[in-house]
Amino acid sequence: MGKFWSIFFIFWSIVAVVAVAISPAMGWWFPTAAESPLGEQIDDLFFLILYITTITFIGTQVAMGYVLWRGATNTDDRAEFSHGSHSLEVIWTIVPAFILLFIALYQIPVWEQFRIQSHFPQDAVNSPIAEVTARQFEWRIRYPAPGRVFKGKSDIERWLKQPEPGDLYTVNDLHVPSNKPVLIHLRSGDVQHSFFIPDLRVKQDAVPGMVIPVWFEASRSKAYEWVCAELCGWGHYKMKARVVAESDEDFKNYLHELELEQFDDGVPELADSSAAGEEEVSE
Amino acid sequence: MNPRYLSQFLSKSSAGVATHIFSAFGTIVALCGFVGCDSKPIGSKFVLSERTEELISPARKRVQDQLTEDFGTPQDLVAWLRFPVDYGMHKGTIKDVEATDQGSYKFAVDWTDADAESLRIRRGAGLMMTSGDYAGTNVKVNHYAPESGRIHIDAFMNPAPAVGDELTVVGGKLQAGRMLYMEHCVHCHGTSGDGNGPTAKYLNPKPRDYRLGKFKFTTTKPLEKIATSDLKRTVKLGIPGTYMPSFMLLKDDELSAIVEYVRWLAIRGEMEARIVNELHGDYSTADVRERVKGGETNDEIEEELQTLFDEDFSETVDDLASGLAADWLRADEEPSLILPNVPRVPDSLESQERGKKLYLSGDTKCVSCHGPTGRGDGSSTEEFWDIPGSQPIQKYAVRGLHDDWGNPIKPRDLTRGIYRGGRRPIDIFCRIYAGIKGTQMPAFGGKTGPKDLKDEDIWDIVNYVLSIPYETDRAIHEPLSIPPLEQTTAATE
């Protein structure tokens with residue numbers, strides 16, 4: 001009976017390792033490769049940790065299997081009673097401590113780029129692309145007027161505090177230029193939400209009362225899934241939206257279309273000129 | 001086995017055991033997922049309106065039967081073709097007939113406007129024969145197999161329909177709209193579109209009750225219903241400042257299916273209200289009680305009602321439906337849409353100032369609700385208002401304005417820059433031109449009196465309203481010559 005149980009437990013360990021090892025290739029589950037430069041670095045960290053934990057997992061499972069099998073087959077020797085081994089305790093405290101310390105130090109450059117504002121790409125910081133306000137249950141987006149140039153940090157702060165007449169508004173559909181870092185200012189209109197674009201590996205909580213800058217870069221021109229990653233109420237699942245990364249030109253055209261739409265006065269042939277008039281006033 | 005040996009083993013490998021327990025638990029959960037839960041159909045049904053419930057039981061029953069006949073149930077919709085709703089239609093010709101063992105038929109159909117494989121027809125859709133021996137016959141679709149292009153119907157027809165007979169399948173879009181409505185809308189707007197879904201009680205403002213056939217944010221003229229394109233815009237962009245979220249990412253055909261279903265629910269609700277209107281003055285429980293006091297007997301009244309039903313009630317219902325259909329049809333026609341006579345007046349400070357003067361003037365009375373500074377704190381928000389139609393006149397229990405649904409509402413705070421019906425100049429223009437239907441926001445446009453607003457004046461007000469959120473900024477740089485506050489309030493009194 002002992003043999004059965006030792007084989008049983010060893011078998012499931014092997015199944016677990018094999019299932020995880022083949023799951024990306026089988027398409028069962030595994031994140032697809034990140035589509036942003038910082039995302040690739042985050043993936044590298046993820047794999048590093050995955051390798052360390054895999055080695056540890058296999059090591060402990062082999063040891064456990066050995067102990068089980070030995071205990072089941074060797075009935076002659078008597079077990080030895082001990083109060084524990086001081087050197088063993090020291091080893092399995094210090095080795096994991098070093099591993100954790102290594103991870104903590106090794107990830108600093110990535111974390112710094114991702115979260116420390118002084119290390120953000122400065123071009124993106126100086127010209128934020130939009131303000132995104134999460135609310136139950138949608139994402140409201142405000143772009144600065146096309147051509148609006150921010151003169152320094154205080155100017156950006158003023159824009160965040162006080163909307164301007166030329167601002168463009170939309171919902172659930174954030175357009176950004178691809179292949180360069182872009183920055184949005186994230187806020188919440190009600191409860192806590194979380195801004196999450198899985199393929200770009202960017203996730204940031206939206207906290208009521210705070211304006212949080214978030215930067216990301218999409219390496220490809222395509223529509224990315226954008227979801228809320230913080231349970232925010234019964235309609236949480238409705239907060240699925242879209243981030244469209246596109247060439248600079250397409251982005252410009254998009255904003256132009258949005259502007260025409262927003263300043264539409266319902267008189268078709270004259271919609272263009274009235275939008276132009278609006279622009280002059282806003283400057 | 002030595003017990004000490006065992007305890008040592010357990011303590012060393014307890015983490016490993018826990019992992020296995022978790023993975024076993026995970027497997028069980030996954031298995032449950034595959035097997036699926038008990039899938040009883042949800043017992044959703046269309047409920048009767050409060051006014052219908054006030055009728056005496058034979059009248060109520062007749063209304064219920066009429067509605068079920070003309071509109072069906074949520075599970076089995078009826079597409080009443082008289083109404084201008086896009087129910088979704090597919091025409092085709094029978095190319096092959098196969099009788100089944102149960103005495104029903106399967107047709108292979110050549111579709112004129114779609115290919116068989118991409119077509120989706122749900123169980124319960126209406127199938128109408130349009131030529132051959134059975135022209136005019138309506139049956140229900142049991143099943144449609146896109147791979148083979150075969151439609152299975154339950155009805156028994158003898159002799160069998162012939163190859164070459166033409167048919168039309170009706171209602172696919174309405175069914176698709178129902179599915180989407182049940183997924184996205186029902187928890188607030190309710191199965192009957194009465195704005196009373198399970199989450200409705202947590203919301204302020206309340207979700208729209210479609211059954212009055214009134215919608216607030218339209219681009220149609222004051223007395224017209226909402227245009228289909230307006231509803232589509234609302235569903236797509238949501239209503240900022242309320243719980244109505246944006247459904248931007250739904251595909252265009254999904255949006256339009258939802259909108260058609262909503263229009264159909266609105267028509268259904270309004271049809272119910274109009275039928276009940278015909279009966280309510282004489283056959284509500286209260287009316288009957290009065291009449292009995294006046295000397296009539298219950299039997300006499302019921303007999304009279306029965307005669308009414310037997311004689312010309314169907315015609316009455318028919319007339320009501322024609323009128324309602326015409327109303328909804330007109331909303332989508334060009335003359336109903338608001339088209340400003342002049343393009344937007346350039347958004348200059350002069351225009352904004354003219355707008356402000358109009359805003360503050362006694363002719364428009366904007367101030368009485370929206371307040372002198374646009375904060376939505378006008379004097380009307382402090383008063384107790386009469387409940388319209390109440391006999392004897394009663395007052396609402398809460399101060400301030402109420403909409404046609406009886407819910408308390410607040411005049412918009414114009415300083416916040418949140419515009420529920422959209423922020424395009426044309427949106428604000430339409431709000432002022434046609435008012436906000438179902439509320440006290442009156443219609444200013446399209447009138448020709450000497451004191452009435454012309455389109456230019458409305459544009460001035462639009463420019464002023466759109467500038468209010470930035471007023472504090474502007475006041476610092478370029479003060480306007482604003483009349484002192486005492487004068488303006490005096491002007492409104």
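Below, chains carry the letters A, B, ... as their sequence lines are ordered, and counting in each starts from 1. Only heavy atoms go into these numbers, but all of them, side chains included; no hydrogens, no water, no symmetry mates. From a predicted model like this one, the values you see are computed outputs, not experimental measurements.
A salt bridge is defined here as a Lys NZ or Arg NE, NH1 or NH2 lying under 4.0 Å from an Asp or Glu carboxylate O, and A:Arg158 with A:Asp155 meets this definition. Electrostatic pairing of A:Glu164 and A:Arg148 counts as a salt bridge here, judged by a charged N lying under 4.0 Å from a carboxylate O.
In this structure, the side chains of A:Glu131 and A:Pro163 stay at 4.5 Å or more apart for every pair of heavy atoms. Side-chain contact check for A:Val176 versus A:Val243: some heavy-atom pair is nearer than 4.5 Å. Side-chain contact check for A:Met239 versus A:Cys232: some heavy-atom pair is nearer than 4.5 Å.
Proximity to chain B involves both the backbone and the side chain of A:Arg242, based on heavy atoms less than 4.5 angstrom apart. Only the side chain of A:Thr170 comes within contact range of chain B, with heavy atoms under 4.5 Å apart. Both the backbone and the side chain of B:Leu237 come within less than 4.5 Å of a heavy atom of chain A. Only the side chain of B:Thr199 comes within less than 4.5 Å of a heavy atom in chain A; its backbone stays farther off. With a 4.5 angstrom heavy-atom cutoff, B:Val342 touches chain A only via backbone atoms.
The residue among B:Leu337, B:Val462, B:Ile338, B:Thr242 with the most heavy atom pairs within less than 4.5 Å of chain A is B:Thr242. Per-residue heavy-atom pair counts under 4.5 Å with chain A were compared for B:Arg423, B:Arg424, B:Lys236, B:Met244, and the maximum is reached by B:Arg423.
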